[in-house]
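Note that these values count all heavy atoms, side chains included, but never hydrogens, waters or copies made by symmetry.
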Amino acid sequence: MSEMRAMRLHAPGQPLVLERIPRPDPGPGEVQFRVLACGVCRTDLHVVDGELSEPTLPLIPGHEIVGDITALGQGVDDLQVGQRVGVPWLGGTCGACEYCLAGRENLCPQARFTGYTRDGGYAEYGVADARYCFSLDAEDPQAAAPLLCAGLIGYRTWRLAGGEQPRRLGIYGFGAAAHILVQLAVAKGQAVYAFTRPGDDDAQAFARRLGAVWAGDSDQAPPEPLDAALLFAPVGELIPLALSQVRPGGSVVSGGIHMSDIPSFPYRLLWQERSLRSVANLTRRDGEEFLALAPRVPILTETRAYPLEQANQALDDLRQGRLSGAAVLMP
């Protein structure tokens with residue numbers, strides 16, 4: 001049996017361990033792929049640090065995967081060996097519940113998630129449900145990897161906030177998702193106001209370089225009221241802050257899968273028909289729309305590459321805020 005290298009999590013709060021394990025074979029309806037690049041996402045941090053508490057252990061994290069198909073499982077006839085695909089967070093659903101039938105498969109109670117309840121891309125090879133692979137026309141796997149979650153979740157968050165309708169758009173937390181989304185928003189003619197950790201001058205300069213009209217600390221007020229605010233930082237106290245900066249009738253949308261507790265806040269912040277909502281996962285429609293849109297903008301990702309065995313370093317750099325753009329593992 002062929003072997004591969006993989007970085008595996010054996011217990012929450014512990015470093016990943018580099019191991020040699022059997023290369024997985026595709027089951028019915030699955031594809032095997034060789035990993036070309038895998039982005040390092042904040043959700044991976046939540047899994048490794050134990051903030052998402054139900055991983056399938058031992059686990060290979062990673063859900064921003066770009067790979068080339070190396071084998072097909074029984075019944076797969078719409079993909080082919082050698083084809084380049086992207087493998088996202090949403091790794092499978094039942095296809096029969098009320099949510100799946102309504103096109104809201106992201107809410108399926110039997111959903112499976114890449115790098116959480118099924119093995120992901122911190123490895124040399126992987127397998128995925130063929131239905132949840134996106135065909136990619138990407139010559140640069142490193143640049144494409146962050147599009148598979150930072151891009152897709154950012155896109156869904158933006159879409160649920162009204163898409164291109166808001167004229168003044170606030171973004172709280174200027175990391176991987178924000179650096180992709182700001183390019184889309186600017187291309188759509190929106191004015192972007194970027195909010196970062198207090199005193200993070202580098203992130204603020206990065207936001208302005210990508211087209212933000214204003215960048216400041218998260219506890220500052222922008223020069224104008226916002227039509228909508230998107231949150232990508234997992235900090236609950238930002239919810240009332242964002243609501244306080246959104247005009248009547250505006251919206252606040254949280255794009256994170258995990259967030260610290262939201263403190264109590266006065267009803268006046270929500271009053272006047274402001275709305276507050278969350279984003280859960282993504283749908284295949286999101287992926288198809290965004291991956292077709294990204295090259296037309298065009299969206300250019302800024303990445304830092306790490307070899308597979310430095311996955312723990314990449315996670316720590318993300319944890320400590322030492323990254324601009326996105327970290328990507330290159331097996």
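The minimum heavy-atom distance between L72 and V81, with the atom names listed, is CG-CG2, 4.1 Å. Heavy atoms only, all atoms of each residue included: A228 and V246 are closest at C-CG2, 4.5 Å. Counting all heavy atoms, side chain and backbone alike, Y116 lies closest to S53 at OH-N, 3.6 Å. Considering all non-hydrogen atoms of both residues, V186 and L210 come closest at CG2-O, 4.2 Å. Minimum heavy-atom separation, G173 to A178: O-CB, 3.4 Å. Annotation for L57 and P12: closest pair CD1-CD, 4.0 Å, computed over non-hydrogen atoms.
The 12-atom threshold is exceeded at CD of E309, counting heavy atoms of other residues, nucleotides or ligands nearer than 6.0 Å. Other residues, nucleotides and ligands contribute over 12 non-hydrogen atoms within 6.0 Å of the CD atom of Q310. Counting non-hydrogen atoms of neighbouring residues, nucleotides and ligands closer than 6.0 angstrom, the CD atom of E224 exceeds 12 such neighbours. Around atom CD of Q320, more than 12 heavy atoms belonging to other residues, nucleotides or ligands sit under 6.0 Å away.
Side-chain contact between L147 and I180: present, with at least one pair of heavy atoms (C-beta onward) separated by less than 4.5 Å. The shortest distance between side-chain heavy atoms of L59 and R8 does not fall below 4.5 Å. Residues P307 and M330 have side chains not in contact (no heavy-atom distance under 4.5 Å, counting atoms from C-beta outward). For the pair P240/L269, a side-chain contact is recorded, criterion being any heavy-atom separation below 4.5 Å from C-beta on. Side-chain contact between R159 and F290: absent, with no pair of heavy atoms (C-beta onward) separated by less than 4.5 Å. Side chains of L160 and R277 form a contact here, defined as non-hydrogen atoms less than 4.5 Å apart. The closest side-chain heavy-atom distance from R104 to L107 is below 4.5 Å. Between F33 and V87, some side-chain heavy-atom pair lies under the 4.5 Å cut-off.
Side-chain atoms of T301 never come within 3.5 Å of backbone atoms of P146 as a donor-acceptor pair (strictly under, hydrogens ignored). With hydrogens and angles ignored, the 3.5 Å screen pairs no side-chain donor or acceptor of D68 with any backbone N or O of R34. A donor-acceptor distance shorter than 3.5 angstrom exists from the side chain of D217 to the backbone of G199, with no hydrogens or angles considered. Of the possible polar contacts, one joining the D119 side chain to the I60 backbone as a donor-acceptor pair under 3.5 Å is found. Side chain of E64 to main chain of A150: a donor-acceptor pair is present (N/O by atom type, distance under 3.5 Å, no hydrogens or angles). Judged purely by atom type and a 3.5 angstrom limit, R156 has no side-chain atom pairing as donor or acceptor with the backbone of I153. H179 places a side-chain N or O within 3.5 Å of a backbone atom of E302 that can act as its donor or acceptor partner. The backbone N or O of P88 lies less than 3.5 Å from a partner atom in the side chain of T114, making a donor-acceptor pair. The main-chain N or O of A280 is found under 3.5 Å from a side-chain atom of N106 such that the two form a donor-acceptor pair. Without hydrogens or angle criteria, D49 side chain to E51 main chain gives no donor-acceptor distance under 3.5 Å.
In the hydrophobic cluster analysis, where Ile, Leu, Val, Met, Phe, Trp and Tyr join through side-chain heavy atoms closer than 4.5 angstrom, L184 is grouped together with F134. The cluster map of Ile, Leu, Val, Met, Phe, Trp and Tyr, joined by side-chain heavy atoms under 4.5 Å apart, puts M4 and V17 in different clusters. Residue I299 is grouped with residue I171 when hydrophobic side chains (ILVMFWY) are merged at heavy-atom distances under 4.5 angstrom, including chains of intermediate members. Both I257 and V253 belong to a single network of hydrophobic side chains, linked directly or stepwise wherever heavy atoms of I, L, V, M, F, W or Y lie under 4.5 Å apart.
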>> Go through it in stages, so that I can follow the logic: the residues are Q204 and D200, the test is side-chain hydrogen bond (donor to acceptor under 3.5 Å, both in side chains), and I'd like the CA-CA distance, side-chain angles, deciding distance and then a yes or no.
In response: CA-CA 6 Å; Q204 292 170 21; D200 193 343; over 6 Å; no

> Could you walk me through whether Y306 and Q313 pass the side-chain hydrogen bond (donor to acceptor under 3.5 Å, both in side chains) check?
Replying inline: CA-CA 8 Å; Y306 296 76; Q313 182 63 57; 6.0 Å; no

>> Run the side chain to side chain contact (heavy atoms under 4.5 Å, CB included) test on I239 and L276 for me, step by step, so that the C-alpha distance in whole Å, both residues' side-chain angles and the decisive distance to 0.1 Å come before the verdict.
In response: CA-CA 9 Å; I239 293 286; L276 173 62; 3.9 Å; yes

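Here CZ of R112 is found 13.0 Å from SG of C94. Values are rounded to the nearest 0.5 Å. Remark: C41 SG to H63 NE2 distance equals 3.5 Å, nearest 0.5 Å. Atom SG of C133 is separated from atom CD1 of I69 by 6.0 Å, given to the nearest 0.5 angstrom. Residue L329 holds its CG atom at 11.5 Å from OG1 of T303, rounded to the nearest 0.5 Å.
For the pair D78 and R131, the salt-bridge criterion is not met [side-chain N within less than 4.0 Å of a carboxylate O]. A salt bridge does not link E105 with R285: none of the charged nitrogens is closer than 4.0 Å to a carboxylate oxygen. A salt bridge does not link D137 to R84: none of the charged nitrogens lies less than 4.0 Å from a carboxylate oxygen. A salt bridge links R118 with E30: the closest approach of a Lys/Arg side-chain nitrogen to an acidic carboxylate oxygen falls below 4.0 angstrom. A salt bridge links R322 with D316: at least one charged nitrogen is closer than 4.0 Å to a carboxylate oxygen.
Exactly one residue among R23, R5, R20 makes a side-chain hydrogen bond (donor to acceptor under 3.5 Å, both in side chains) with E124. That residue is R5.
Both the sub-6.0 Å distance and the 45° axial angle are not jointly satisfied by R168 relative to the ring of Y193.
Residues meeting the ring pair (Phe, Tyr, Trp, His ring centres under 6.0 Å) test with F113, sequence neighbours left out: W89. Considering only residues two or more places apart in sequence or on other chains, F195 meets the ring pair (Phe, Tyr, Trp, His ring centres under 6.0 Å) condition with Y172, W214. Q190 pairs by the side-chain hydrogen bond (donor to acceptor under 3.5 Å, both in side chains) definition with W158, not counting sequence neighbours.
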